[in-house]
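Below is one structure, written out as structure tokens, with a few remarks after it.
Any value given below was found using the heavy atoms of this structure, including those in side chains, with hydrogens, waters and symmetry copies removed.
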Amino acid sequence: MYKYIIKRLLMMIPVLLGVTFIVFFILNVSPGDPAAMILGDQASAEALAMKREELGLNDPLLVRYFNYIVGMLHGDLGTSYKNSISVWSQVTERFPNTAILAICGICVALIIGIPTGIISAKKQYSIMDNCSMVLALIGVSMPVFWLGLLLVIVFSLNLGWLPSQGMGSGGMDLVKSLILPSITLGTMSAATITRMTRSSMLEVIRQDYISTARAKGVSERTVTFRHMLRNAMIPIVTAVGLQFGQLLGGAMLTETVFSWPGLGRLMVDSIKSKDIPMVLGSVIFMAVMFSIVNLVVDIVYAYIDPRIKSQYKKK
Amino acid sequence: MADNNTLLQVKDLVIRYETDDGVVEALNGVSIEIHTGKTLGLVGETGAGKTTLAKGVLRLIPSPPGKIVSGEVLYDGKDLLKLSEEEMRKIRGKHISMIFQDPMTSLNPVMTVRDQIMEVILQHNNISKKEAEKRADDMLELVGIPAERGHEYPHQFSGGMKQRVIIAIALACQPKLLIADEPTTALDVTIQAQVLDLIQKLKTRDNTSMLLITHDLGVVAQTCDYVGIVYAGEIVEYGTLREVYKDMRHPYTKGLMASIPNLVENVRRLQTIEGLMPDPTNLPKGCKFSERCKYATDKCREKVPDMVNVGGEHMVRCILANEEK
């Protein structure tokens, strides 16, 4: 098992190299001169040239990529073009905000998604099932920012119950500020998780071992949770993991709508101001987070399904 | 017909599956009877309704689409079809257990085999977890699996071993009736004999009755006291093993027996029964077998023949039963 984890961690290296290469390349071929951006329109040609030299922009692309990787290995993600603060400190400062929002969002999604999925599967084709499937379809197709704006209009502007912007100043304030963005984020994930739970439950619901369990005389509740849900868990965990990984990477739209000072908004702002090191740093950070969540999901598999565990042991 | 020895009596059980493509008439008025300590073998082709009958007795027919339309299932004088779900759960596993066809898929893959045996013990006995564990281990030993292997998962066992675990689960609470739905179909021939011996041994020990479903006439001859031949959701011939095997009356039973490969004579082709079983969504009006029967007359196609007693406990559903031999 440990061997497997170490192997998976090592496998993250090529993934991250690939991600950095693609992002680095795209950002460097996109138009706009970072030197002009930093020094402003009035800067003289000499000053611009000097700045370019200083930033290393005159080196060939591959050399710059190599230098960047070397820096990254030393824990240096570069310095922001905009305000000369180190990218690493900015990203790590914003990450906890994103993390807390992601955790609340996924909780909302789980609380809604899993029970709805189970009920839908157990009462397949009932009114309940049809309603929840229609709602789930609306949930996945609804633009997030639109839902966010609607919630703001109803609960902040009209009713005035909850704040619409920012994180508040800790304590109850924070809890209140979390509610709307969490619901916004959670709704879409809930829809995906509902659908996944339903289809995965339907797959196990007619299995022979469910008949065996029923023939033992155990209650329907036990049959549902101990026998069906545990066996249906793998695809559900996969879906939850993917959703959570995405949320951890910063929900750009939601964070923008609610002015949430998280990673997603940092990235949007950096893209707008062509702050290449900042964009690059955030993307790499997100990629790392995503890989870690995926690894955790794979480890959780082993605890759910003994067959997978015995496979891991062999590797 | 019913006497003090009767443990289970099924009367005119009708079960249908209502699907989008029409109503599948899976079981059309089946009556059987099982005496304490005796074994009834049900023989028939795939799709004849044997499994539906077995699941119907335990009320395990998936609904929808399945529906028990009418009939009675009398166990110890109580009609199981009238019990509440709660009361029915006390019957399942404790009084009547079931062994399913395919051991490969009948065990929960994410639970250890000990936990799966313990589950049924804890459900029906008010005992501590430790005691239940002890009993589960005893059960494992009894079916020939070392108790140390109890913490292993089903995928670590072979097919025959899995079927042993399933037998251990089914017999853990010493039920009065065991329903075995083709318990050996999915196993190698060598393992089949072992598993059948094991079932026989445990059955004799606890004086358990058994409903054995199979399409293997040899297995029936070896293990059963009574035989019922099932065709298109009806019993066409019923009697003691001796009566049916020595003096078969229904053309379908004769066809089945004739299709057993003969090792003594030099036969180039296996005997078959011409044609296929009728479509259960569109059954013929009269005798269900009339389409394939070489003795069929117009009278056969008019109405379903009644069960006729041809001596002893031997019953046949054929208008010619008493005429020709």
If I measure from the heavy atoms of chain A, does [X] come under 4.5 Å with its side chain, its backbone, both, or neither?
X	answer
Pro109(B)	both
Leu107(B)	backbone
Lys94(B)	neither
Glu85(B)	neither
Met111(B)	side chain

Legend entry - Interface moiety of Ile210(A) toward chain B, non-hydrogen atoms closer than 4.5 Å: neither

Inset, instruction - With side-chain contact (heavy atoms from CB on, under 4.5 Å) as the test, would you mind laying out the steps for Thr212(A) and Ile166(B) before giving the verdict? - result: CA-CA 9 Å; Thr212(A) 308; Ile166(B) 292 167; 5.5 Å; no

Inset, instruction - Would you check if the side chain of Ser106(B) reaches a backbone N or O of Asp208(A) as a donor-acceptor pair within less than 3.5 Å? - result: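 Pair absent, no side-chain N/O of Ser106(B) close to backbone of Asp208(A).
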
Inset, instruction - Give the C-alpha distance, both sets of side-chain angles, the deciding distance and a yes or no for side-chain contact (heavy atoms from CB on, under 4.5 Å) between His124(B) and Lys216(A). - result: CA-CA 9 Å; His124(B) 299 293; Lys216(A) 287 178 183 176; 5.5 Å; no

Inset, instruction - Taking all non-hydrogen atoms of both residues into account, name the closest pair between Gln123(B) and Gly217(A) and its distance. - result: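 Closest approach of Gln123(B) to Gly217(A), heavy atoms only: NE2-O, 3.4 Å.
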
Give, for atom [atom1] of [X] and atom [atom2] of [Y], the distance between the pair rounded to the nearest 0.5 Å.
X	Y	atom1	atom2	value
Thr222(A)	Leu122(B)	OG1	CG	11.0 Å
His155(B)	Asp305(A)	NE2	CG	8.0 Å
Glu86(B)	Glu220(A)	CD	CD	12.0 Å

Legend entry - Glu119(B) bridged to Arg226(A) by N-O distance under 4.0 Å: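 Result for this pair is yes, salt bridge flagged.
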
Check this for me: [X], atom [atom1], are more than 12 non-hydrogen atoms of other residues, nucleotides or ligands nearer than 6.0 Å?
X	atom1	value
Glu72(B)	CD	yes
Lys38(B)	NZ	no
Lys122(A)	NZ	yes
Met188(A)	CE	no
Leu10(A)	CG	yes

Inset, instruction - May I ask you to test the Arg89(B)-Arg214(A) pair for a side-chain heavy-atom distance under 4.5 Å? - result: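 No. Closest side-chain heavy atoms not under 4.5 Å.
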
Legend entry - Check: Tyr209(A) and Thr105(B) side chains under 4.5 Å, non-hydrogen atoms: no

